[in-house]
Amino acid sequence: MALSECKELLLIESKGVLTITLNRPEVRNAMNLAMVDELMQTFNAIADKPHIRIVVIKGADGNFCSGGDIKDMVNAMKKISDDDQDAIYDLNRIFGRMISLIDKAPQVVITLLEGAVLGGGFGLACISDIAIADSKCQFGLPETGLGLPPAQIAPFVVKRIGLTQARRLVLTGARFNGKEAKKLGVVHFTTKSEAKMQQLLQTQIKQIKHCAPDANRTTKELIHDVGEIEQESLLDKAARTFSKAVQSEEGREGTSAFIEKRPAYWVD
Amino acid sequence: MALSECKELLLIESKGVLTITLNRPEVRNAMNLAMVDELMQTFNAIADKPHIRIVVIKGADGNFCSGGDIKDMVNAMKKISDDDQDAIYDLNRIFGRMISLIDKAPQVVITLLEGAVLGGGFGLACISDIAIADSKCQFGLPETGLGLPPAQIAPFVVKRIGLTQARRLVLTGARFNGKEAKKLGVVHFTTKSEAKMQQLLQTQIKQIKHCAPDANRTTKELIHDVGEIEQESLLDKAARTFSKAVQSEEGREGTSAFIEKRPAYWVD
Amino acid sequence: MALSECKELLLIESKGVLTITLNRPEVRNAMNLAMVDELMQTFNAIADKPHIRIVVIKGADGNFCSGGDIKDMVNAMKKISDDDQDAIYDLNRIFGRMISLIDKAPQVVITLLEGAVLGGGFGLACISDIAIADSKCQFGLPETGLGLPPAQIAPFVVKRIGLTQARRLVLTGARFNGKEAKKLGVVHFTTKSEAKMQQLLQTQIKQIKHCAPDANRTTKELIHDVGEIEQESLLDKAARTFSKAVQSEEGREGTSAFIEKRPAYWVD
């Protein structure tokens, strides 16, 4: 898919950074199926494009994302006959597939969070490598108030902030702002204005570009394996990855640059 | 068991909330075997009573719980012949069974923590969905000072606050107050007076009652599965749960109420 | 091995406390293979010496440890033919083996962190039971800037502070000071002077010595099993450990001392 064919997303690529804007401002960028589908196609399309090192996800017009589009879901459901459990299952499951895909994207994923960060939008925030939130933005999981479990979101919230904090949030449907989100560990930074947010974003991008591209990719893979692979086996695997890295062009350049006290070729 | 038959606990049920008072104030509500047994019977008795949505656990007369009753334990041990390892094993193991049972109770469990929150009392605090502590109350694991490992408690402390903080606490037997407990992530809130604690409790109860009863039950089950079931399988299971919820009375009511902008039937 | 034979470490044993000083101040105590080897030999030598209850690890001359010694590594690599992947693998893997060994040492391990706490030094800090950092000291994972994954370190960082914070740190190579390290959960305490650090160290040692030696050893083993062994089986195992402890000399003394309101024999 050409990146330009998206309808629900705006995509801009510049200097190794792909910026994705969730673009349904009339519904505070609620995710319909088309948007979920475009997000997955976009991340699949860039998976093997190492020149794209960073993906920034933001929302149009002052909101990040208000969650799944309930009307879109109800409409989709009307086409499903009552006993077709599988179709409803599929409809729900795709949200989790999208979040898992972005969670493990080889790029460094940064979310810029403003306004509503609810339900599925909260889920997206929970898997970003760097989350920067406006201190006033509003987080929450409204699902149980609608009689539904936050099925594809809650597991990512637990992974993000641990069971202790997650159990309170999901069982009370609590709303909280960016400052509280930082205390809870949902986000890494809060900022007080659009300008400060952009400034902080540029600092992060600069730092990331100082790190070697392949080393970052393999490191992201490695940290996702923690808890999935038994620790000693994980360290064995990591040592094999290290061995390959040392002999790669990047590894030779990086250690030489260090000893010669000069910047490596990948630094801007 | 009729709830009124308890001797070591006071039970009051009102408007969907069961309040359990640990009631041995002469020993700062230390847990003897009778109390552990009554706690398990109570939680087993309400497991299939969905009208009880919330359980509040507190202690009588200004202390939550000072831990296992050492004298009771020593007495129980006197009846055990020296080589009867199994009896001592059983005696210890039942504490962990009680904590596991309450951890996974279908209700939302809230602890109100004042005064002593030690040993087994600390363990109970560690599995509550919402923990509210008086800022001056005293937490700690005194077991190793008595020559014993906090065998049925330490695993719940690690799950609550992570290995990093738990390893220091258990290896130093450190005492700390409510404010520190909040920083460590043991509790969610601290309050400075009995009145403020009651006020905060009422806010939490109101928020919980805004969430749909079945949705909360299935969500609590779901978050307990994180780390137990491999993530993609967990998301598959969650999508099946979601599919059932959408077609349930609760799910239909919740989404209709949302679209019609009215409160759902379960909201007070 | 006699402890006095070390060349890269200074070892001092006094009153149950072994103090290890990483002693290559000319390279900010960077770890060469000899140092890693000596650390492993030291911890293996004391594993079955229960009279050593505490190990304090610090660095000479105002730095803790600046990481792996790159020049040492490059030299070691020159002796390896280009296709001998196994030798590079071994070279890297030994760092992880050393960190795993110290992580699970039966003693309580305390790190005193000043100046540089980078790469492998950061890894060591991440497995200490109590980490005390000078508020100005500098933490970071510079590896990806050198084109290499922090292969034997990153998994310990994730275990220490969780995936959420670890992913940002490893993918940006961020540097941060002691105060930030405390917020992130890398360390337990920060101090503002050498004198305050020593004072806090003495308080911790005193608290640890109040706990029973064997009870602490079995408790440390127990908390390391969380997440490795399924929870109910872990609690079963813990109850068997408890049963043995109750009948041990330590357990009998500890409970008697408690009831008789006197200090146990192991308290100084």
Side-chain angles (χ1 to χ4, degrees), chain B residues 68 70-71 73-74 76-77 80 82-97 99-100 103-104 140-175 183-185 224 227-228, chain C residues 108-109 126 128-131 159-162 185-189 203-204 207-208 210-227 230-232 234-259 264 266-267:
Chain B
I70 305 292
K71 286 184 191 171
M73 197 183 74
V74 171
M77 229 106 66
I80 297 171
D82 263 21
D83 57 344
D84 192 356
Q85 297 253 350
D86 284 354
I88 302 175
Y89 169 93
D90 290 343
L91 195 63
N92 181 250
R93 190 64 185 84
I94 196 171
F95 281 86
R97 286 194 214 288
I99 295 175
S100 292
D103 187 22
K104 303 205 169 164
L141 289 167
E143 286 85 344
T144 56
L146 273 69
L148 302 173
Q152 303 298 303
I153 314 298
F156 295 99
V157 178
V158 176
K159 277 192 77 173
R160 187 67 163 190
I161 59 172
L163 180 63
T164 304
Q165 298 301 335
R167 61 200 302 168
R168 175 177 76 84
L169 296 183
V170 299
L171 298 175
T172 61
R175 297 284 173 112
K183 279 189 201 160
L184 290 170
H224 270 295
E228 308 285 316
Chain C
V108 179
V109 175
C126 280
S128 53
D129 297 309
I130 304 174
K159 276 193 78 173
R160 186 71 163 187
I161 59 172
V186 176
V187 306
H188 300 89
F189 301 102
T203 317
Q204 297 301 308
Q207 279 194 290
I208 295 160
H210 187 80
C211 304
D214 278 352
N216 255 13
R217 286 190 165 222
T218 54
T219 302
K220 186 164 174 181
E221 242 187 273
L222 170 63
I223 59 175
H224 271 294
D225 279 340
V226 177
E230 184 274 325
Q231 181 160 290
E232 292 302 309
L234 175 61
L235 292 168
D236 292 346
K237 183 181 165 185
R240 283 190 297 273
T241 305
F242 182 86
S243 172
K244 271 186 214 160
V246 161
Q247 292 166 82
S248 71
E249 200 193 324
E250 225 182 50
R252 288 175 199 273
E253 162 71 3
T255 43
S256 303
F258 176 80
I259 289 170
W266 58 78
V267 179

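When reading the values below, keep in mind they use all heavy atoms of this one structure, side chains included, and skip hydrogens, waters and symmetry mates. To find a chain, count down the sequence lines: A is the first, B the second, and so on, and within it residues start at 1.
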**Prompt:** What residues, two or more places apart in sequence or in another chain, satisfy side-chain hydrogen bond (donor to acceptor under 3.5 Å, both in side chains) together with C:R217?
**Reply:** none
What part of [X] is in contact with chain B, defined as an atom under 4.5 angstrom from a non-hydrogen atom: side chain, backbone, both or neither?
{"X": "C:D236", "answer": "both"}
{"X": "C:L234", "answer": "side chain"}
{"X": "C:I130", "answer": "side chain"}
{"X": "C:F242", "answer": "both"}
{"X": "C:E249", "answer": "neither"}
{"X": "C:S128", "answer": "backbone"}
{"X": "C:N216", "answer": "both"}

Considering non-hydrogen atoms only, spot the tightest contact between [X] and [Y] and give its length.
{"X": "B:T144", "Y": "C:W266", "result": "O-CZ2, 4.3 Å"}
{"X": "B:G147", "Y": "C:A245", "result": "O-CB, 4.2 Å"}
{"X": "B:P150", "Y": "C:T219", "result": "CD-OG1, 3.3 Å"}

**Complete:** Counting heavy-atom pairs under 4.5 angstrom with chain C, the leader among B:R93, B:E228, B:Q165, B:K159 is B:R93
**Asked** Which one of B:A166, B:G227, B:P142, B:S100 has the most heavy-atom pairs closer than 4.5 Å to chain C?
**Response** B:S100
**Message:** Report which part of B:F156 has an atom under 4.5 Å of a heavy atom belonging to chain C: side chain, backbone, both, or neither.
**Reply:** side chain
With side chains defined as the heavy atoms from C-beta onward, is the minimum distance between [X] and [Y] less than 4.5 Å?
{"X": "B:P155", "Y": "C:L235", "result": "yes"}
{"X": "C:V246", "Y": "B:L148", "result": "yes"}
{"X": "C:I223", "Y": "B:L163", "result": "yes"}
{"X": "C:C211", "Y": "B:L171", "result": "no"}

**Item:** Gap separating the CD atom of B:E143 from the CZ atom of C:F258, nearest 0.5 angstrom
**Value:** 10.5 Å
**Request:** Supply the atom-to-atom distance C:S243 OG to B:L91 CG, rounded to the nearest 0.5 angstrom.
**Result:** 9.5 Å
Residue, of [options], that accumulates the most heavy atom pairs under 4.5 Å with chain B:
{"options": "C:Q231, C:K237, C:E253", "value": "C:Q231"}
{"options": "C:V108, C:I208, C:D129", "value": "C:D129"}
{"options": "C:T218, C:V186, C:L222, C:D214", "value": "C:L222"}
{"options": "C:A212, C:A215, C:A257, C:S256", "value": "C:A215"}

**Item:** Counterpart residues, side chain to side chain contact (heavy atoms under 4.5 Å, CB included), relative to B:A174 (two or more places apart)
**Value:** B:R168, B:L169, B:T172, C:Q207
**Asked** Around C:H210, counting heavy atoms of other residues, nucleotides and ligands shown, do more than 12 lie under 6.0 Å from its NE2?
**Response** no
**Item:** B:T164/C:I161 under side-chain contact (heavy atoms from CB on, under 4.5 Å): CA gap, chis, key distance, verdict
**Value:** CA-CA 8 Å; B:T164 304; C:I161 59 172; 5.7 Å; no
